[in-house]
Amino acid sequence: MKKHNYSAGPCILPQEVFEKSAQAVLNFNNSGLSLLEISHRSKDFVAVMDEARALALELLGLEGKGYQALFLHGGASLEFLMVPYNLMKENGKAAYLDSGTWASAAIKEAKFFGTTEIVGTSKEENYNHIPQNYSIPADADYFHCTSNNTIFGTQMKSFPETNVPVVCDMSSDIFSRQLDFSKFDIIYAGAQKNMGPAGTTLVIIKESILGQNGRTIPSMLDYSKHIKGESMYNTPAVFPVYASLLTLQWLKKNGGIAAVEKVNNAKAALLYAEIDRNPLFKGTANVADRSTMNACFLLENEAHAPIFDALWKEAGIVGLPGHRSVGGYRASMYNALPLESVQVLVNVMQVLENTI
Ligand SMILES: *Cc1c(COP(=O)(O)O)cnc(C)c1O
């Protein structure tokens with residue numbers, strides 16, 4: 001039986017992505033060769049990289065707007081330092097919104113390069129909301145935020161208007177909802193939350209912001225070098241890039257971000273309605289900031305945990321336990337998770353209510 005996979009990342013991907021990428025490992029494009037044994041400079045793989053880069057921009061509505069898409073190594077975590085290396089001036093300053101564990105990990109790395117000004121934080125309340133009413137200093141080299149806080153289940157519903165470049169870690173909600181992506185100067189996302197297997201990071205860059213901070217940047221950390229190398233400055237992660245391309249093709253075929261956003265909203269509405277209605281459960285995140293991707297909730301009475309855990313496991317659900325810093329449960333509902341899987345979870349929550 002296929003499981004209902006609520007894992008936070010690596011996570012569920014469309015079934016056809018698993019099938020087609022498995023096929024490519026055996027026989028890529030009917031070449032008689034595996035995707036894993038061909039040169040990344042071969043015509044067939046260059047076509048994969050070119051299409052993946054172009055399709056990422058197309059789906060985000062950024063084609064022809066001065067942006068480049070790169071598939072880099074090192075996860076979102078390497079972007080935590082590539083961003084300041086490429087954008088922060090010597091003795092410069094950057095503004096950061098501290099909305100969760102990943103945001104604070106990004107701040108930690110930026111401190112190696114200059115001053116970080118934390119313009120807003122929700123740390124004192126265990127990051128249960130998105131900080132509001134903050135202002136961004138006009139002399140900051142850039143502003144950095146995290147659109148979706150994977151661990152705490154909060155999501156930015158709006159983004160500040162500012163004249164400084166805006167950098168956003170969209171690892172856990174990229175391609176899940178429509179935004180005016182042209183308001184961002186750099187967007188980055190580790191593949192393994194909504195796009196593909198771990199091992200590649202999508203980085204979207206407005207080219208005009210590069211080359212202005214006066215630093216000498218080591219080649220592998222220099223966005224300009226990767227752009228010049230057409231995302232093949234060194235050997236790219238061929239399998240994760242190929243599987244990411246398959247996911248992007250799946251998304252386009254199914255109506256793009258607009259269509260998947262409707263399904264994501266329906267899934268989130270279904271689950272949050274049950275969390276709010278069912279007297280045995282409570283949500284942890286501020287209602288206005290609730291994430292459509294990661295829903296965090298607790299049992300009102302911890303003593304019910306063994307029965308609830310047995311029920312959802314029996315129903316074929318996996319990956320539901322919450323992150324240790326929040327406890328309870330976290331239902332990650334990425335693009336590939338079908339509405340039916342959410343209905344199965346809601347049913348289990350109702351069975352618990354009727355059993356107790
Ligand atoms: C998972 C995650 C990261 C870390 O990603 P890696 O690719 O493992 O470095 C960073 N930011 C957010 C928002 C995440 O969800």
Side-chain angles (χ1 to χ4, degrees), residues 5-13 56 69-85 96-110 112 116 121-123 126-131 143-157 159 166-177 179 181 184 186-204 220-221 226 236-237 239-241 243-244 247 264 284-285 289-296 319 321-326 330-337:
N5 186 1
Y6 280 95
S7 300
C11 61
I12 188 168
L13 292 169
L70 300 171
F71 285 88
L72 303 182
H73 298 278
S77 299
L78 190 62
E79 300 316 304
F80 295 166
L81 66 104
M82 280 181 80
V83 165
Y85 221 147
Y96 276 78
L97 191 65
D98 179 24
S99 58
T101 306
W102 295 117
S104 88
I107 294 165
K108 186 171 158 226
E109 300 305 305
F112 285 104
T116 51
T121 179
S122 48
K123 189 172 183 194
N126 200 29
Y127 297 118
N128 67 0
H129 65 281
I130 301 285
F143 166 68
H144 180 283
C145 58
T146 311
S147 56
N148 185 70
N149 299 284
T150 325
I151 292 173
F152 301 94
T154 63
Q155 187 174 35
M156 294 176 76
K157 305 297 173 183
F159 294 85
V166 177
V167 178
C168 189
D169 176 358
M170 293 196 189
S171 291
S172 53
D173 69 350
I174 191 149
F175 302 119
S176 74
R177 58 172 172 164
L179 290 172
F181 294 99
F184 301 91
I186 293 184
I187 296 166
Y188 62 87
Q192 71 276 16
K193 307 282 167 53
N194 221 358
M195 190 173 65
T200 192
T201 316
L202 176 63
V203 185
I204 308 281
M220 271 297 281
L221 302 178
H226 288 288
F239 185 80
V241 171
S244 297
T247 308
N264 289 336
T284 60
D289 301 325
R290 279 174 166 177
S291 166
T292 54
M293 295 282 99
N294 314 94
C296 297
H323 190 273
R324 61 189 175 281
S325 50
V326 183
R330 169 173 52 169
S332 296
M333 300 175 280
Y334 297 118
N335 284 354
L337 186 87

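Both counts, for ligands and for their atoms, begin at 1 and track the order of listing.
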Tell me whether [X] contacts the main-chain N or O of [Y] through its side chain, where contact means a donor paired with an acceptor under 3.5 Å.
X: Tyr334; Y: Ala8; value: yes
X: Asp289; Y: His129; value: no
X: Asn194; Y: Ile174; value: yes
X: Ser171; Y: Gly190; value: yes
X: Thr200; Y: His73; value: no

Got an N/O contact under 3.5 Å between [X] and ligand 1?
X: Ala76; value: yes
X: Thr146; value: no
X: Asn148; value: no

Nearest protein heavy atom with distance in Å, relative to [atom]:
atom: atom 15 (O) of ligand 1; value: Thr150 OG1, 2.5 Å
atom: atom 1 (C) of ligand 1; value: Lys193 NZ, 1.6 Å
atom: atom 9 (O) of ligand 1; value: Ser77 OG, 2.6 Å
atom: atom 11 (N) of ligand 1; value: Asp169 OD2, 2.6 Å

Is Gln192 close enough to touch ligand 1? Criterion: a residue heavy atom under 4.0 Å from a ligand atom. yes
Heavy atom of Asn149, distance to ligand 1 below 4.0 Å: no
Side chains of Asp98 and Lys123: does their closest heavy-atom pair fall under 4.5 Å? yes
Is the contact between Tyr188 and ligand 1 made by the side chain, the backbone, both, or neither, using heavy atoms and a 4.0 Å cut-off? neither
What atoms of ligand 1 come within less than 4.0 Å of a heavy atom belonging to Phe80? 10 (C)
What are the atoms of ligand 1, with element, lying closer than 4.0 Å to any heavy atom of Gly75? 7 (O), 9 (O)
Between Ser176 and Asn335, do the side chains contain an N or O donor and an N or O acceptor separated by less than 3.5 Å? no
Donor-acceptor pairs under 3.5 angstrom involving side-chain atoms of residues 149-156: please list them, not counting sequence neighbours.
residue: Asn149; atom: OD1; partner: Ser99; partner atom: OG; Å: 2.9
residue: Asn149; atom: ND2; partner: Ser99; partner atom: OG; Å: 3.4
residue: Asn149; atom: ND2; partner: Thr154; partner atom: OG1; Å: 3.0
residue: Thr150; atom: OG1; partner: Ser172; partner atom: OG; Å: 2.8
residue: Gln155; atom: OE1; partner: Lys157; partner atom: NZ; Å: 3.0
residue: Gln155; atom: OE1; partner: Thr292; partner atom: N; Å: 3.1
residue: Gln155; atom: OE1; partner: Thr292; partner atom: OG1; Å: 3.3
residue: Gln155; atom: NE2; partner: Asp173; partner atom: OD2; Å: 2.9

